[in-house]
Amino acid sequence: MLLTLSTTHSPATELGYLLHKNPARPQSFELPFGLAHVFYPEAHAECTTAALLLEVDPVALVRGRHGPAGEGGALAQYVNDRPYVASSFMSVALARLFGSAMAGRSKERPELVEQALPLTARLSVLPCRGGEAFLRRLFEPLGYTVTATQHPLDETVPEWGNSRYFTVTVEARTRVSELLTHLYVLMPVLDDDKHYWVGDEEVEKLVRHGEGWLAAHPERELIARRYLRHQRSLAREALERLVGDEAAEPEERERVRNEEEAALESRLSLNEQRLQTVVDVLKECGAARVVDLGCGEGKLLKALMKERQFTDILGMDVSFRSLEIAKERLDFDRLPELQRRRLGLLHGSLMYRDKRLSGYEAATVIEVVEHLDPPRLAAFERVLFECARPNVVVLTTPNAEYNVRFESLPAGTFRHRDHRFEWTRAEFEAWARGLCTRFGYSVRFQPVGPLDAEVGAPTQLAVFSR
Ligand code: SAH
């Protein structure tokens, strides 16, 4: 993983004083997770570039770690993207190698520290959860010009589509300390991961490094939440300290990932209408055993638990965190034994065949397909309609045509930042009919929410039966 920092400030070689690293002398540093090298690929008066090359050693990461192998098993501990991408490891390296520069200290050039210089940072591989749009939303409000090139998942298999990895350049006239600090905070935010435990100390760091820019950043809440690994109480604390009470309104505090979409749709109380419609359809078809795929935080599961018809209810999601929240919301650990036996929660992915999903009469897939990468839809179809093969599938997804009726939604954007696509009615129906032909199901469609003569209803629902 390579990070370069260039300036055309004249004389550009002064960058060496700001970074406290001599352009004439390459240096290597040992870090707990590997080696970092600092060198200057070019150092002349017109342009100077400093490079930080980080070699993360996957074996060093695992060494000394005890306990269960973790989510991906032992293999994932050794074989993963960490050595190749900019992540919290790079942030730690920045702080260790350029700590004085980040803090804005330079004995030799104290006046230059305060000066905005023409700077360009280039990250060879930056994972961007939320894609290029999110990358821009993070850097552009800070005054950077962003250039991003997205990389395919595998260039020999173009149909797999794009990966979440980008080569990114950010350019601005700014102070070296600011640029380094922005990178330090925003790299793990884009990656949406950290290699170490996040606690109170991280709040301190965010407050310290966010000083002077984070409070006014339009994405400050998401930045805080991701930086603190979605620990809402920590994010709230950091924001309160950064912005005071203004951002600490109760509803602001409680916002989670899905809440922007919920807010958009709330005027219609669309969520309740959607859940009620799904429950009604399930009751009508007489199913007793129901699996909710991509159950999220368990809203539908909760509604299903209230109906005695459903004797066997399983929620499945790829997000462990969501399942934990679902467990809490459903009061799982405090349910009476008989009730608890009706309910199961399963950590799994719709991308892989899973025997545990067979034997259910009905499956629900509520506002989930639009979160899947289009090239992966075929895998999902087979997992559900070929392998699990329930009698009935109830599936909902946004109707893209209705978006023009949401006044606060800018034209051409999705309702939720994680949506990979949103279908028009014709697109959804064509997809649904296609899979019926392939897997031997029939389908009927039903609008959910207020029906608009021109653009239809906000949610589209399909009931597949075999
Ligand atoms: N059905 C819920 C949640 C919708 S949000 C509701 O209506 O409230 C979409 C959910 O799909 C998220 O919880 C996300 O974690 C889950 N999801 C996304 N990709 C998935 C996959 N491949 N397998 C299982 N769940 C997935």
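As the structure is a computational prediction, the values presented were derived from the model and not from experiment. One-based numbering, in listed order, for ligands and for the atoms of each. We use all heavy atoms of the structure for the numbers below, so side chains are in, but hydrogens, waters and symmetry mates are not.
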Note to self: Angle between ring planes, Y402 versus F406, binned at 30° and 60°: parallel, tilted or perpendicular?
What the structure shows: perpendicular
Given [options], which one has a non-hydrogen atom that is nearest to [atom]?
atom	options	result
atom 19 (N) of ligand 1	L372, L301, V278	L372
atom 25 (N) of ligand 1	V318, L300, N271	V318
atom 1 (N) of ligand 1	G296, S349, G294	G294
atom 13 (O) of ligand 1	D317, I366, D373	D317

Checklist line | NZ/NE/NH1/NH2 to OD/OE distance under 4.0 Å, R438 and E386 | finding: no
Item checked: Set of side-chain hydrogen bond (donor to acceptor under 3.5 Å, both in side chains) partners for E272, sequence neighbours left out -> none
Notebook entry, point to check: To the nearest 0.5 Å, how far apart are NZ in K302 and CZ in R329?
Noted result: 8.0 Å
Margin query: Using a 3.5 Å cut-off on N or O atoms only, is L350 in polar contact with ligand 1?
Written below: yes
Next item on the list: Ignoring angles and geometry beyond distance, decide whether E367 reaches within less than 3.5 Å of ligand 1 through its nitrogen or oxygen atoms.
Entry: no
Next item on the list: Heavy-atom contacts with K299 under 4.0 Å: which atoms of ligand 1 show up? List them by number with element.
Entry: 8 (O)
Item checked: Sub-4.0 Å atoms of ligand 1 with respect to non-hydrogen atoms of C295 -> 2 (C)
Notebook entry, point to check: Looking only at atom types and distance, does a side-chain atom of Q460 sit under 3.5 Å from a main-chain N or O of T397, one as donor and one as acceptor?
Noted result: no
Item checked: Chi angles and distances behind the side-chain contact (heavy atoms from CB on, under 4.5 Å) call for E454, R405 -> CA-CA 10 Å; E454 200 187 324; R405 294 287 181 268; 3.3 Å; yes
Next item on the list: Determine, using heavy atoms of G348 and all atoms of ligand 1, whether some pair is separated by less than 4.0 Å.
Entry: yes
Checklist line | Any pair counted as ring-ring contact (aromatic ring centres under 6.0 Å, His included), so long as it reaches residues 442-466, sequence neighbours left out | finding: F385-F464, F428-F445
